[in-house]
Amino acid sequence: MAASTVVRGEDAFKNIFKFYKRKKPPPDFSDVTDFSKGLTSDKIVPAVLDLSAVSDSEAARAGLQPVKTWRAFGLQGYPGFIFISNPFLRGSQPFWIRQCLKTYPQKPNVCNLDMHMSPSDTQDIWGQSVHGLSSPSSGKREPKTLLERLRWVTLGYHYNWDTKTYSANHHTPLPADLHLLSVQISAACGFPGFSAQAGILNYYRHDSSLGIHVDESELDHSRPLLSFSFGQSAIFLLGGVRREDTPTAMYMHSGDVMVMSGQSRLFYHAVPRIVSAPQEQTALEMEGCRMAFSSQDSTVGGALSEEDWVVCTRYIQSSRLNVTVRQVLVPGQSFPETPSPPQKTDASQAGGHQDRQADGERRRRRRCDSVETSER
Ligand code: OGA
Ligand code: MN
């Protein structure tokens with residue numbers, strides 16, 4: 001039974017989400033759009049890019065192919081949605097994968113583990129996980145490494161999962177390499193002057209999902225939201241402005257980039273399922289960095305160390321990484337004044353703080369791991 005036969009109406013999005021999330025029996029994927037196969041349906045149209053916005057050497061600095069070679073698509077009925085089928089240079093993805101696993105989880109960035117562990121315990125997530133992830137499995141059930149327990153990291157303006165807001169006083173610099181990548185993608189898509197101000201990284205295991213939501217916490221919606229995917233593939237559902245609008249299902253493969261701009265910037269979306277990428281494909285991409293990719297003036301050039309390569313390869317064999325980059329404010333815009341919280345006693349303050357953090361963690365886990373309640 002294909003998804004097109006799923007009951008529509010008010011619960012269309014929820015029903016299609018459940019359809020693709022189902023484990024047994026596995027769903028029929030025949031209605032899933034696969035942009036890597038090109039213009040396979042009349043709903044898919046070529047996207048117009050600004051070929052002069054990014055020079056070939058600038059693109060290479062971010063690990064991207066020349067813009068003229070990108071395979072970029074739009075989807076009828078989704079104005080402002082652009083799907084770029086893996087525009088990365090062969091062998092540059094491992095650099096981004098390592099950044100997501102080794103560099104971006106480091107302080108001062110914030111991650112889910114901070115919610116219930118002390119700063120000293122989350123100081124070196126990578127270092128504490130290397131041994132477990134690089135040694136061959138003993139066959140016994142081993143405790144999960146910190147890296148395997150990582151679910152999200154926030155960058156730049158740190159998203160507050162409780163209040164669903166960003167704020168002026170919780171901000172750290174967004175990594176320069178990710179800013180460069182984002183500026184180039186957005187410029188090529190017709191958005192010069194994009195400023196990457198906030199990032200949310202999602203770490204998916206094979207049974208993770210992301211519930212139906214819309215990203216509207218950014219104060220400015222005139223700038224695009226960018227999404228980068230690495231590792232295992234996923235089914236992405238893109239709906240409309242109303243929660244019940246029937247979504248279109250599409251694959252997101254390693255290296256794929258999505259740009260949500262214009263009307264699509266505020267469309268509901270979700271990730272009901274992670275799907276295995278062909279093993280050869282993951283291996284080929286990881287191998288690429290050992291052999292072909294090394295560009296001297298590239299920010300992302302140079303091979304990974306043997307240890308980094310082994311850990312990244314092992315991790316990515318069963319996981320998916322997604323990075324979303326957002327512009328929160330346009331020039332001249334500022335966060336609304338928030339009234340200062342009422343003064344509390346020390347005891348209630350400490351208790352309240354702990355509660356909020358625990359709650360934030362629960363909410364976030366629900367958001368990432370289950371269907372019914374995983375809403376933002
Ligand atoms: C998000 C999001 C999609 C994905 O983080 O807001 O929608 O592909 N991510 O993981
Ligand atoms: Mn989203």
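Both ligands and their constituent atoms are indexed starting at 1 by order of listing. Atom set for the values below is all heavy atoms of this structure, side chains included, hydrogens, waters and symmetry mates excluded.
Each of the atoms 6 (O) of ligand 1 lies under 4.0 Å from some heavy atom of Asp215. Here is the list of ligand 1 atoms found below 4.0 Å of a heavy atom in Val271: 3 (C), 4 (C), 8 (O), 10 (O). Close contacts between ligand 1 and Thr324 involve ligand atoms 1 (C), 5 (O) [criterion: under 4.0 Å to a heavy atom]. If you number the atoms of ligand 1 from 1 as listed, the ones under 4.0 Å from a heavy atom of Leu210 come out as 1 (C), 2 (C), 3 (C), 7 (O), 9 (N). For ligand 1 and His269, the ligand atoms under 4.0 Å from any heavy atom of the residue are 7 (O).
In the displayed structure, His170 atom NE2 is contacted under 6.0 Å by more than 12 heavy atoms of other residues, nucleotides or ligands.
In this structure, OG on Ser229 lies 10.5 Å from CG on Asn86, to the nearest 0.5 angstrom.
Considering backbone and side-chain atoms alike, Ser229 places every N or O at 3.5 Å or more from each N or O of ligand 1. In terms of polar-atom proximity, Arg326 is counted as a contact of ligand 1, with an N or O under 3.5 Å from an N or O of the ligand.
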Requested in this report: Determine, step by step, whether Arg205 and Glu148 satisfy the salt bridge (Lys or Arg N to Asp or Glu O under 4.0 Å) criterion, reporting the C-alpha distance in whole Å, the side-chain angles of both residues, the deciding distance to 0.1 Å, and the verdict.
Outcome: CA-CA 8 Å; Arg205 313 296 295 175; Glu148 290 165 305; 3.8 Å; yes
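Annotation: cation-pi geometry not satisfied between Arg320 and Tyr315 (NZ/CZ under 6.0 angstrom from ring centroid, within 45° of ring axis).
Between the side chains of Asp220 and Gln333, not a single donor N or O lies within less than 3.5 Å of an accepting N or O. No hydrogens or angles considered: a donor-acceptor pair under 3.5 Å links the side chains of Ser227 and Asn322. For Asp177 and Tyr104, the side-chain atoms include at least one donor-acceptor pair closer than 3.5 Å. Residues His213 and His269 bring a donor and an acceptor atom of their side chains to less than 3.5 Å of each other.
Contact between Ile200 and ligand 1 is absent, with no heavy atom of the residue lying under 4.0 Å from the ligand. Not a single heavy atom of Met260 sits under 4.0 Å from any atom of ligand 1.
Taking the Mn ion (ligand 2) as reference, Asp215 places its N/O/S atom OD2 nearest.
An angle of 90° is found at the Mn ion (ligand 2) between His213 atom NE2 and His269 atom NE2, rounded to 10°.
Proximity annotation for atom 8 (O) of ligand 1: of Arg320, His213, Met258, Arg320 comes nearest, heavy atoms only.
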